[in-house]
Amino acid sequence: MTGIPEDDAAPPEDDATTVAHTATNREYWDGMADGYAEPGRQRWAADEPIWGIWDLPQSRLPVLPGDVAGLATVELGCGTAYVSAWLARRGARPVGIDNSPRQLATARELQDLHGLAFPLHLGDAETTPFADAAFDLAISEYGASIWCDPYRWIPEAARLLRPGGRLVFIRNATLLMLCEPETGVATDRLLRAQFGLHRLEWDDPEGRCVEFHLPHGELIRLLGRSGFVVEDLIEVQAPDDAPSGHPYVTADWGRHWPTEEVWFTRRVTTG
Ligand SMILES: C[S@@+](CC[C@H](N)C(=O)[O-])C[C@H]1O[C@@H](n2cnc3c(N)ncnc32)[C@H](O)[C@@H]1O
């Protein structure tokens with residue numbers, strides 16, 4: 001098939017499959033939660049936000065908008081909820097939602113430790129319990145942005161945002177997904193096709209999990225159909241002083257090709 005697919009608006013998964021990936025990922029993230037507690041602690045303690053796999057500070061990778069005071073925010077797939085903690089300290093009114101009871105248990109411990117309370121919900125970011133147009137900013141750092149089906153979580157984010165509200169999310173770069181082997185670090189070869197890229201099942205040593213990734217064109221069309229305009233896209237380069245490696249990509253790879261993407265979008269119409 002060539003050209004623009006006419007039917008890529010339809011969620012390619014049926015409800016039963018969706019429930020399956022949500023349950024699979026809950027088990028996976030409950031199992032990962034102990035290992036994410038210490039990084040969560042460090043990020044909660046950081047005054048300046050630190051982003052992504054290269055630990056880039058907000059001054060070098062400005063992910064948080066500068067004007068969040070007073071905004072109602074929702075973090076989709078909040079994990080230990082340090083992004084919401086950074087938002088709360090800047091005057092926002094955050095709410096977090098996550099699918100893993102054990103990740104949320106760490107988040108609650110860290111709320112108590114820092115004396116910083118905000119609502120945390122156990123649930124699926126593809127179908128949240130929140131009211132229409134309840135938020136000014138939706139954000140996801142490797143949460144819904146990679147663990148939820150974009151055909152479901154992006155329209156849901158649009159529903160949650162008031163017109164003019166922003167959706168900001170961080171995910172792996174498309175090129176990284178194409179060069180990523182089943183195990184080990186990214187290579188300089190294309191290992192999977194870009195056409196048809198959507199759902200990826202991994203059999204990690206830690207367990208089975210399901211991730212999602214849409215190529216740029218398909219993602220831009222989906223955002224547009226959901227009522228968003230793309231205002232910026234930062235393709236992240238590993239800095240010269242990056243730690244030498246990451247479990248799935250080397251700093252040398254990341255200096256040549258983008259490892260992560262930060263999408264800045266705004267809801268302009270009803271999706
Ligand atoms: C890598 S963490 C992201 C949180 C944090 N920013 C971080 O990088 O540690 C991924 C989180 O997404 C959550 N998640 C996975 N599927 C989800 C879903 N369907 N709805 C809400 N959260 C989900 C997991 O439970 C996990 O806490």
Side-chain angles (χ1 to χ4, degrees), residues 11 13 15 17-46 49-56 58 61 63-64 73-88 94-111 119-130 138-157 159-160 168-172 199-202 204 206-213 236 246-248 259-263:
E13 294 191 307
D15 283 347
T17 321
T18 296
V19 171
H21 81 240
T22 306
T24 300
N25 287 341
R26 174 172 290 188
E27 191 179 335
Y28 178 78
W29 275 103
D30 274 348
M32 296 291 279
D34 284 347
Y36 273 68
E38 183 50 34
R41 255 176 230 118
Q42 289 170 11
R43 279 167 166 68
W44 264 81
I50 304 160
W51 299 109
I53 63 177
W54 307 119
D55 288 346
L56 287 165
Q58 169 80 11
L61 184 61
V63 175
L64 285 192
T73 68
V74 61
E75 186 180 358
L76 301 167
C78 62
T80 55
Y82 51 81
V83 174
S84 289
W86 295 330
L87 285 164
V95 170
I97 183 165
D98 199 278
N99 184 38
S100 159
R102 298 209 58 230
Q103 284 277 82
L104 288 180
T106 306
R108 292 196 176 97
E109 278 173 29
L110 291 167
Q111 285 189 325
L120 291 169
H121 293 261
L122 175 63
D124 181 0
E126 296 177 6
T127 53
T128 72
F130 311 125
I139 192 160
S140 179
E141 186 208 31
Y142 290 109
S145 55
I146 68 167
W147 298 102
C148 289
D149 189 333
Y151 286 100
R152 295 179 188 276
W153 83 266
I154 287 177
E156 178 66 358
R159 184 186 71 74
L160 297 178
V168 176
F169 59 95
I170 304 182
R171 64 173 201 164
N172 300 119
R199 184 183 203 274
L200 296 111
E201 275 194 44
W202 304 98
D204 280 6
E206 295 83 14
R208 210 164 65 81
C209 58
V210 183
E211 267 185 57
F212 295 88
H213 191 97
V236 177
H246 190 270
Y248 56 84
T259 48
E260 305 174 279
E261 298 171 356
V262 192
W263 289 73

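Whatever order the structure lists them in is the order used to number ligands and atoms, beginning at 1.
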Only one of Glu126, Glu211, Glu201 passes side-chain hydrogen bond (donor to acceptor under 3.5 Å, both in side chains) with His21, and that residue is Glu126
Taking distance alone, with no angle check, do Gln103 and ligand 1 share an N/O pair under 3.5 Å?
yes
Check: Does a side-chain heavy-atom distance below 4.5 Å link Gln103 with Thr80?
Finding: yes
shortest atom 20 (N) of ligand 1-to-protein heavy-atom contact is with Ala125 N, 2.9 Å
| message | Below 30° counts as parallel, above 60° as perpendicular, anything between as tilted: where do the rings of Trp147 and Tyr28 land? | response | tilted
Short version for Cys148: what comes under 4.0 Å of ligand 1, heavy atoms counted, is side chain
Of Asp98, Leu104, Asn99, the residue with the heavy atom nearest atom 13 (C) of ligand 1 is Asp98
ask   = So do the side chains of Leu110 and Arg41 get within less than 4.5 Å of each other, counting heavy atoms only?
value = yes
Is the closest N or O pair between Gly143 and ligand 1 shorter than 3.5 Å? no
Closest non-hydrogen contact found for Trp54 with Glu260 is CD1-OE1, 3.7 Å
Point to revise | Evaluation steps, side chain to side chain contact (heavy atoms under 4.5 Å, CB included), between Gln42 and Tyr82 | key: CA-CA 9 Å; Gln42 289 170 11; Tyr82 51 81; over 6 Å; no
Ligand 1 to Tyr142, heavy atom cutoff 4.0 Å, flagged ligand atoms 1 (C), 2 (S), 3 (C), 10 (C)
Taking the ring of Phe212 and the ring of Trp153, is the distance between their centroids below 6.0 Å? no
Determine, using heavy atoms of Gly123 and all atoms of ligand 1, whether some pair is separated by less than 4.0 Å.
-> yes
Under 3.5 Å between some N or O of ligand 1 and some N or O of Glu141?
yes
Checking heavy atoms under 4.0 Å, the part of Cys78 that sits near ligand 1 is backbone
### Task
Applying salt bridge (Lys or Arg N to Asp or Glu O under 4.0 Å), run through Arg102 and Asp34 and close with a yes or a no.
CA-CA 8 Å; Arg102 298 209 58 230; Asp34 284 347; 2.8 Å; yes
Q) Do the ring centers of Tyr248 and Trp202 come within less than 6.0 Å of each other? A) no
Numbered in order shown, the ligand 1 atoms found under 4.0 Å of a heavy atom of Tyr36 are 9 (O)
Heavy-atom proximity to atom 8 (O) of ligand 1, picking from Tyr82, Phe212, Trp147, points to Tyr82
Within 4.0 Å of some non-hydrogen atom of Gly79, the atoms of ligand 1 are 4 (C), 27 (O)
Quick note on ligand 1: atoms under 4.0 Å from a heavy atom of Ser100 include exactly 25 (O)
Would Asp124 count as a contact of ligand 1 if the rule is a heavy atom under 4.0 Å away? yes
